[in-house]
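Please read the structure below before turning to the comments.
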Amino acid sequence: MSLQLSEQELVRREKLTKLRVLGINPYPADLFPVNHLSDEIKNNYKEDKKVIIAGRLMAINIQGKASFAQLQDSAGRIQVYFNRDVLCEGEDKTMYNDVFKKLLDLGDFVGIEGDLFTTQVGEKTVRVTKFTLLSKALKPLPVPKTDREGNTYDGFTDPEMRYRQRYADLTVNPHVKEVFVKRTKLFTAMRNFFNEAGYFEVETPILQPIAGGAAARPFMTHHNSLDIPLYMRIANELYLKRLIVGGFDGVYEFSKNFRNEGMDRTHNPEFTAMEIYVAYKDYNWMMDFTEQLLEHCAIAVNGTSKSTFGEHKIDFKAPYKRVTMRQSIIDFTGFDIKGKTEDELRAAAKSMNIEVNDTMGVGKLIDEIFGEKCEGNYIQPTFITDYPKEMSPLCKEHRGDPSLTERFELMVCGKEIANAYSELNDPIDQRERFEEQLKLAAKGDDEAGEFIDNDFLRALEYGMPPTSGLGIGMDRLIMFLTNNPSIQEVLFFPQMKPENFETKKGPELSDNEKVIYDILIKEKSMELNTLKEQTGLSNKQWDKGIKSLGKLELTKVTKTDDVLTVDIL
RNA sequence: GAUUCAGUAGCUCAGCUGGUAGAGCACAUCCCUUUUAAGGAUGGGGUCCAGGGUUCGAACCCCUGCUGAAUCACCA
């Protein structure tokens with residue numbers, strides 16, 4: 001089961017044994033007493049200061065009896081200087097001549113003790129007095145090089161390889177690491193904002209008997225000892241509201257959700273949402289809260305509320321524009337949805353060249369019109385408010401218009417990044433809405449819920465205070481904050497088709513090769529065309545077979561005058 | 001799901017009209033004590049994604065498949 005090794009991999013394996021012969025353990029167990037990071041050295045530079053650092057060798061530049069190398073640690077890179085006579089004071093120059101020059105490779109982890117100096121070219125450098133191999137790399141890293149102008153050569157850029165081998169991507173591409181540092185800063189900033197507001201971080205089940213709180217196809221699994229199906233969560237809404245029923249004033253959760261749907265550059269089967277529910281508030285309050293939150297987060301991540309996404313410059317500075325869905329549709333189509341019947345809406349949609357079908361109800365039709373004609377126009381953060389009741393089964397009816405709900409979505413660069421309600425807390429209304437969804441589902445609307453969560457309804461019957469809830473797509477938000485158009489760039493390990501690690505056949509012969517070989521082994525030597533005819537192989541199959549047999553040094557083709565002869569070796 | 005493009009050395013990529021597979025970096029050996037995309041000399045390294053077809057001959061043309069990307073469709 002060994003994969004075929006490249007020449008470079010074999011060389012590194014040989015170095016491993018040579019190191020062991022010299023008594024050097026290439027994978028020592030000892031703690032290494034690091035006391036500086038590369039950026040600390042550069043920021044608090046003091047001539048001759050003694051430092052102990054560790055990291056990967058990312059560039060080696062040997063010049064005879066002295067050498068330079070780049071050591072990369074978690075904070076960046078620092079140049080280190082190996083001088084033969086500094087490193088090896090006595091007669092024995094093995095550590096420099098053999099261990100450093102011959103047995104170390106790019107990618108190896110080394111620990112270094114040394115003191116600081118500045119080279120003639122002005123680069124802050126660690127003069128190595130002692131080095132320790134901490135871990136040998138057997139596989140060569142793809143090492144891009146960058147010149148003085150910042151042009152990168154041999155970049156490790158193939159997305160497939162970068163996603164599959166994120167460890168190599170992170171090692172070699174500092175800008176990739178930066179995206180994930182920002183991702184974590186975003187989570188921290190949001191968490192701090194909520195905690196300072198006095199809200200409570202909680203955890204709710206990922207394995208659920210009913211996947212509710214959203215309309216999406218769930219992943220199904222099975223619990224053996226209960227012998228029941230379980231679903232992986234598609235949203236955490238219904239569980240968080242149960243906690244508001246239980247008496248918390250504000251609860252929030254960063255929730256990994258799972259949806260068994262299509263994948264593309266903005267959809268991964270598992271993604272992270274944040275949902276927060278706050279008692280005694282409504283969606284107007286939540287809009288204020290949301291714009292404060294996002295301004296805070298943008299500044300925490302990028303140091304400014306401004307951000308660039310592709311061709312767009314966006315600014316998360318509060319307050320954001322607020323437009324009702326009805327007004328938005330009037331603005332972009334001239335059509336007023338107020339009071340229109342399902343048939344009128346369907347006719348209007350058709351006249352706008354929007355694809356519609358009979359399963360679409362009023363809500364869905366309005367949503368299609370909005371999605372098609374309006375959504376994409378909102379580049380700066382904008383709240384779209386007051387959605388039709390039919391498409392918001394968990395949202396409280398609008399206090400001023402019973403056909404609407406108290407709901408808003410926050411649009412940025414034409415995409416939805418947040419969704420919020422004045423939460424429905426009337427248990428009887430809630431049951432009716434669920435039943436309405438069941439009817440829609442039966443009618444064929446695949447976005448309508450198929451189950452009624454009776455336990456959730458029971459919770460509401462005990463009484464839930466008026467509550468406003470907000471959900472934010474964290475992946476999408478971090479895409480906007482780091483200027484990445486692809487969700488795969490902001491997930492460490494985006495979902496991909498499994499890689500095929502099947503081992504190569506090695507010295508075994510393929511079928512074609514066997515046919516040729518079996519005939520030839522009896523005759524020992526044959527004229528080429530006779531042999532070819534006897535095998536009955538096509539030209540292509542013959543060609544491949546005889547070529548690879550030659551490569552394996554099992555046969556040899558010789559030409560005497562005009563006659564080609566094949567011999568067995 | 002549809003369309004288009006791509007897959008060649010460890011990495012980034014050339015490869016003309018079908019005619020023995022190339023470069024830079026990396027690697028190996030040697031020279032070089034403050035360099036920085038270090039430099040100089042020499043050398044090794046390939047299942048041209050896989051399978052089939054056409055052809056005297058295929059990395060190249062045709063078909064099928066695999067993998068990925070982009071655009072579109074789908075996706076609160």
(request) Sticking with atom C1', work out how far A70(B) lies from A58(B), rounded to a whole angstrom. (result) 29 Å
(request) Whole angstrom is fine here: how far is it from CG in Leu116(A) over to C1' in U34(B)? (result) 15 Å
(request) Give a yes-or-no answer on whether the side chains of Arg407(A) and Asn419(A) include a donor-acceptor pair shorter than 3.5 Å. (result) yes
(message) Whole angstroms only, please: what is the OH-P distance between Tyr163(A) and A70(B)?
(response) 7 Å
(request) Go through the side-chain N and O atoms of Ser38(A) and Asp73(A) and say whether any donor and acceptor fall under 3.5 Å apart. (result) yes
(message) If we count only N and O atoms by modelled type, under 3.5 Å, do the side chains of Glu9(A) and Ser6(A) hold a donor and an acceptor together?
(response) yes
(message) Measure NZ/Lys145(A) against C1'/G24(B) and give the value in whole Å, please.
(response) 10 Å
(request) Please measure how far the P atom in G46(B) lies from the corresponding atom in G10(B), and state the result in whole Å. (result) 8 Å
(request) Just name whichever nucleotide pairs with A70(B), Watson-Crick or G-U, keeping both distances under 3.5 Å, else none. (result) U3(B)
(request) From the options C27(B), U35(B), C74(B), select the nucleotide whose nearest atom is closest to the side chain of Asp264(A). (result) C74(B)
(message) Partner lookup for C48(B), please. Criteria are Watson-Crick or G-U wobble with both distances under 3.5 angstrom; report none if nothing qualifies.
(response) none
(request) Take atom C1' in G18(B) and the same atom in U54(B), then report the distance between them in whole Å. (result) 12 Å
(message) Quick check on Glu311(A): does its CD atom have over 12 non-hydrogen neighbours (other residues, nucleotides or ligands) under 6.0 Å away?
(response) no
(message) Looking only at the side chain of Thr119(A) (C-beta and beyond, no hydrogens), which of the listed nucleotides C27(B), C32(B), U36(B) gets closest?
(response) U36(B)
(message) For a quick check of understanding: with a heavy-atom distance under 4.0 Å over all strands, which category does Lys15(A) fall into, base, sugar-phosphate or nothing?
(response) sugar-phosphate
(message) Please pick, from A28(B), U33(B), U67(B), the nucleotide with the shortest atom-to-atom distance to any side-chain atom of Asp85(A).
(response) U33(B)
(request) Have a look at Arg77(A) and say if it touches a base, only the backbone sugar-phosphate, or nothing, with a 4.0 Å heavy-atom cut-off. (result) nothing
(message) With nearest nucleotide decided by heavy atoms, which residue, Glu261(A) or Lys101(A), maps closer to the 5′ end of RNA chain B?
(response) Lys101(A)
(message) Using a 4.0 Å heavy-atom cut-off, does Phe117(A) contact any base of the nucleic acid, only the sugar-phosphate backbone, or nothing at all?
(response) base
(message) Taking the minimum atom-to-atom distance to the side chain of Lys65(A), which one of C32(B), U35(B), U36(B) wins?
(response) C32(B)
(request) Could you tell me whether Glu123(A) contacts a base, only the sugar-phosphate backbone, or nothing, with contacts defined as non-hydrogen atoms closer than 4.0 Å? (result) base
(request) For nucleotides U17(B) and G24(B), find the distance between their P atoms and express it as a whole number of Å. (result) 25 Å
(request) Please figure out whether Ala59(A) or Leu394(A) has its closest RNA chain B nucleotide nearer the 5' end. (result) Ala59(A)
(request) Could you check how far CG of Asn61(A) sits from C1' of G40(B), rounded to whole Å? (result) 13 Å
(request) Please determine, by modelled atom types, if Thr385(A) and Tyr283(A) share a side-chain donor-acceptor pair under 3.5 angstrom. (result) no
(request) Would you check if there is a donor-acceptor pair between the side chains of Thr290(A) and Tyr320(A) at a distance under 3.5 Å? (result) no
(request) Provide the distance between the two P atoms, one in G68(B) and one in G53(B), to the nearest whole Å. (result) 28 Å
(request) Look through every strand shown and name the nucleotide pairing with U42(B) as Watson-Crick or G-U wobble, where both distances are under 3.5 Å. (result) A28(B)
(message) What is the separation between atom NZ on Lys102(A) and atom P on C30(B), rounded to the nearest whole Å?
(response) 4 Å
(message) Without decimals, in angstroms, what is the distance between Glu14(A) CD and G45(B) C1'?
(response) 14 Å
(message) Can you check the distance between U55(B) and C13(B), where both ends of the measurement are the P atom (answer in whole Å)?
(response) 36 Å
(request) May I ask which nucleotide in the shown strands pairs with U55(B), Watson-Crick or G-U wobble, both distances under 3.5 Å? (result) none
(request) Name the nucleic acid region contacted by Gly213(A), choosing base, sugar-phosphate or nothing; use a 4.0 angstrom heavy-atom cut-off, strictly under. (result) base
(message) Taking the basic N atoms (NZ, or NE/NH1/NH2) and the acidic carboxylate oxygens, is any pair closer than 4.0 Å for Lys93(A) and Asp85(A)?
(response) yes
(request) Using whole Å, report how far CG of Asp98(A) lies from P of U29(B). (result) 10 Å
(request) Decide yes or no, distance alone: a donor-acceptor N/O pair under 3.5 angstrom between the base of U33(B) and the side-chain of Asn83(A). (result) yes
(request) For Arg265(A), answer base if it contacts any base atom (sugar-phosphate contacts may also be present), sugar-phosphate if it contacts only those atoms, and nothing otherwise; contact means non-hydrogen atoms under 4.0 Å. (result) sugar-phosphate
(request) If a protein heavy atom is under 4.0 Å from the base, mark B; if only from the sugar-phosphate, S; if neither, -; do that for nucleotides 1-15 of chain B going 5' to 3'. (result) ---------BBS---
(request) Please check if atom NZ in Lys49(A) has more than 12 non-hydrogen atoms from other residues, nucleotides or ligands closer than 6.0 Å. (result) yes
(request) Sort out the partner of C60(B) for me: Watson-Crick or G-U wobble, both distances under 3.5 Å, none otherwise. (result) none
(request) Quickly work out the Ile60(A) CD1 to U36(B) C1' distance and round it to whole Å. (result) 14 Å
(request) Please measure how far the P atom in G51(B) lies from the corresponding atom in C60(B), and state the result in whole Å. (result) 12 Å
(request) Tell me yes or no: between the side chains of Gln165(A) and Tyr163(A), is some donor less than 3.5 Å from an acceptor? (result) no
(request) For G22(B) versus A9(B), give the span between their P atoms, rounded off to a whole number of Å. (result) 14 Å
(message) Between Lys389(A) and Glu397(A) (salt bridge meaning N to carboxylate O under 4.0 Å), is one present in this structure?
(response) yes
